[in-house]
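Quick notes on the structure that follows.
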Amino acid sequence: MAAPSSGDTNHESGKHEFALDIPFPSSREAVIALQSLSPDREPRKGGISKQLSVSGSKLSVRWSADEARILRVSVASFLDHLSLVVETMVMFGPPVSQ
Amino acid sequence: MTVVIGFEGSANKIGIGIIRDGEVLSNPRRTYITPPGQGFLPSETARHHRAVILTVLQEALEQAGLKPADVDCVAYTKGPGMGAPLVTVALVARTVAQLWGKPLLGVNHCIGHIEMGRLITHADNPTVLYVSGGNTQVIAYSERRYRIFGETIDIAVGNCLDRFARVIKISNDPSPGYNIEQMAKKGSQYVELPYTVKGMDVSFSGILSYIEEAAHKMLESGQCTAEDLCFSLQETLFSMLVEITERAMAHCGSQEVLIVGGVGCNLRLQEMMGVMCKERGAKLFATDERFCIDNGAMIAQAGWEMFRSGHVTELPDSWITQRYRTDEVEVTWRD
């Protein structure tokens, strides 16, 4: 049997993945966080992608990166941003009734 | 009655201001000042802003005597500027806009300067010279756009001054440009430097390289003092700015000049521009350091104009951008 060809990469994506789930006091607040944190693009153009989503009152983030160091930078940056958003919500919340 | 809160943090100043129908209710600001010889880097600047922004927001509301419910719109700097600091500020703006249930508005930083200048000085339709650490543009309003008539083809004039300040290691407090201005007053020898006006545009990176080298040689040999170099640099840079401003005025048949941006605080620049204006029978307008240096109220003012003419930024479109041309915005609030 011949060795796997160079185009054969699907069986193991070789990607580094990271999952983060953050509980919020309410679904509304999880959505506020999502909408604050999702608009800006990753500063780095390639090698990293992340997805944010809300289910119930939980914010979920999923990363996929080519290299561990790229992943580390993006996650660290996200955590800084998340903590700023949470601090803002604590200081200037709760959200007004809609 | 329309009340707008504006968030600004595209460079090393973080400011939040509140404007109600042309009245500045509050405008607190903090500046990230680095040690002599050092400039400010994006991640450190963002860290500085992040540490103080919520306190400054509290101050803005308290000093204006307002509650969040009194605010009609949340404006913030969409760009241009440094990425990490812009994100830090946008995050807070987006969050409070949602918490308070208010519309969000992404503002062009350059237009913030222009609208603040127009508000404070009541200039009617001036040729605008926008000069700061990050930008150098000559702008005139025409048919729903702030058109760029001339600009730097490399670095901003303020960047040239700031980087020279690092070479001679003067203090960055309150700003390197201010300290260069004070030293220039004591200069007595004019050192000839390259003069690089290119049609409607200007170039500063060559002058910077030249003066960096000249500083090392001449200061060591005692041919001139640092004060002489500060003086010579200002005279050269400002003459170039006066020339391209005059060129734009001639093209537009304009009789008014408005200087905005941090370098606009410089009294020597105002003096030189004043001489040119007098020769042409034109009027010169400038603001003081509260408003020519980056501040939140200028974003609030541009936001006020935009909001009242129907602009709003949806959250998914509220991403920040390091590059944002002044003429990209449709100026729907002017005829």
Side-chain angles (χ1 to χ4, degrees), chain A residues 20 22-54 57-61 63 69-98, chain B residues 5 7 9 14 16 42-44 46-62 66-71 74 76-79 82-102 104 106 313-323:
Chain A
L20 185 63
I22 307 118
F24 278 85
S26 68
S27 173
R28 174 108 182 275
E29 281 155 300
V31 169
I32 290 177
L34 171 79
Q35 298 196 121
S36 292
L37 291 160
S38 50
D40 299 307
R41 293 151 193 162
E42 283 290 309
R44 205 197 155 91
K45 267 155 200 131
I48 182 103
S49 72
K50 74 173 191 283
Q51 300 276 41
L52 285 90
S53 61
V54 163
S57 59
K58 187 182 67 177
L59 174 68
S60 295
V61 197
W63 279 265
R69 63 176 178 87
I70 304 175
L71 179 64
R72 184 184 63 76
V73 169
S74 181
V75 173
S77 186
F78 179 83
L79 289 170
D80 274 338
H81 294 164
L82 173 68
S83 87
L84 177 58
V85 168
V86 169
E87 225 177 285
T88 307
M89 290 168 87
V90 166
M91 216 167 149
F92 294 95
V96 297
S97 46
Q98 284 173 310
Chain B
I5 185 167
F7 290 70
I14 167 88
I16 299 174
S43 54
E44 296 157 12
R47 217 166 296 142
H48 167 270
H49 292 356
R50 192 240 178 283
V52 300
I53 187 171
L54 296 179
T55 308
V56 177
L57 174 53
Q58 242 359 353
E59 276 175 24
L61 289 164
E62 270 162 35
L66 294 180
K67 297 179 310 298
D70 303 320
V71 170
V74 176
Y76 70 100
T77 305
K78 183 179 178 65
M82 300 171 94
L86 282 170
V87 170
T88 301
V89 175
L91 286 171
V92 175
R94 288 179 201 132
T95 305
V96 297
Q98 294 179 80
L99 289 172
W100 302 343
K102 307 291 176 183
L104 189 63
T313 304
E314 298 301 328
L315 279 154
D317 302 325
S318 67
W319 37 267
I320 60 93
T321 175
Q322 291 185 231
R323 304 218 179 289

Quick check on Glu87(A) against chain B: is it the side chain, the backbone, both or neither that has a heavy atom closer than 4.5 Å? both
Considering only heavy atoms, which portion of Ser43(B) lies under 4.5 Å from any heavy atom of chain A: side chain, backbone, both, or neither? neither
Between Ser36(A) and Thr95(B), do the side chains contain an N or O donor and an N or O acceptor separated by less than 3.5 Å? yes
Region of Ser38(A) that comes under 4.5 Å of a non-hydrogen atom in chain B: neither
Heavy-atom contact with chain B under 4.5 Å, split by part of Met89(A): both
Does any part of the side chain of Val52(B), heavy atoms only, come nearer than 4.5 Å to the side chain of Ile14(B), both counted from C-beta? yes
With a 4.5 angstrom heavy-atom cut-off, is it the side chain or the backbone of Pro316(B) that approaches chain A, or both, or neither? backbone
Below 4.5 Å, heavy atoms only, C-beta onward: do Pro95(A) and Glu29(A) meet side chain to side chain? yes
Under 4.5 Å from any heavy atom of chain A - which part of Leu104(B): neither
Is it the backbone or the side chain of Ser77(A) that comes under 4.5 Å from a heavy atom of chain B, or both, or neither? neither
So, the part of Gln58(B) with a heavy atom under 4.5 Å from chain A: the answer is both
Contact between Thr313(B) and Tyr76(B) at the side-chain level, heavy atoms closer than 4.5 Å - yes or no? yes
Top residue by heavy-atom pair count (under 4.5 Å) with chain A, among Ile53(B), Leu57(B), Thr88(B)? Leu57(B)
Counting only non-hydrogen atoms closer than 4.5 Å, does Leu86(B) touch chain A with its backbone (N, CA, C, O), its side chain (CB onward), both, or neither? neither
Any non-hydrogen side-chain atom of Val75(A) less than 4.5 Å from a side-chain atom of Arg72(A)? no
Less than 4.5 Å apart, side chain to side chain, heavy atoms only: is that true for Gln35(A) and Ser318(B)? no
Is there side-chain contact between Leu20(A) and Leu79(A), with at least one heavy-atom pair below 4.5 Å? yes
Does any non-hydrogen side-chain atom of Phe24(A) lie less than 4.5 Å from one of Ile32(A)? no
Hey, which of Asp80(A), Val96(A), Val31(A), Leu84(A) has the most heavy atom pairs under 4.5 Å with chain B? Leu84(A)
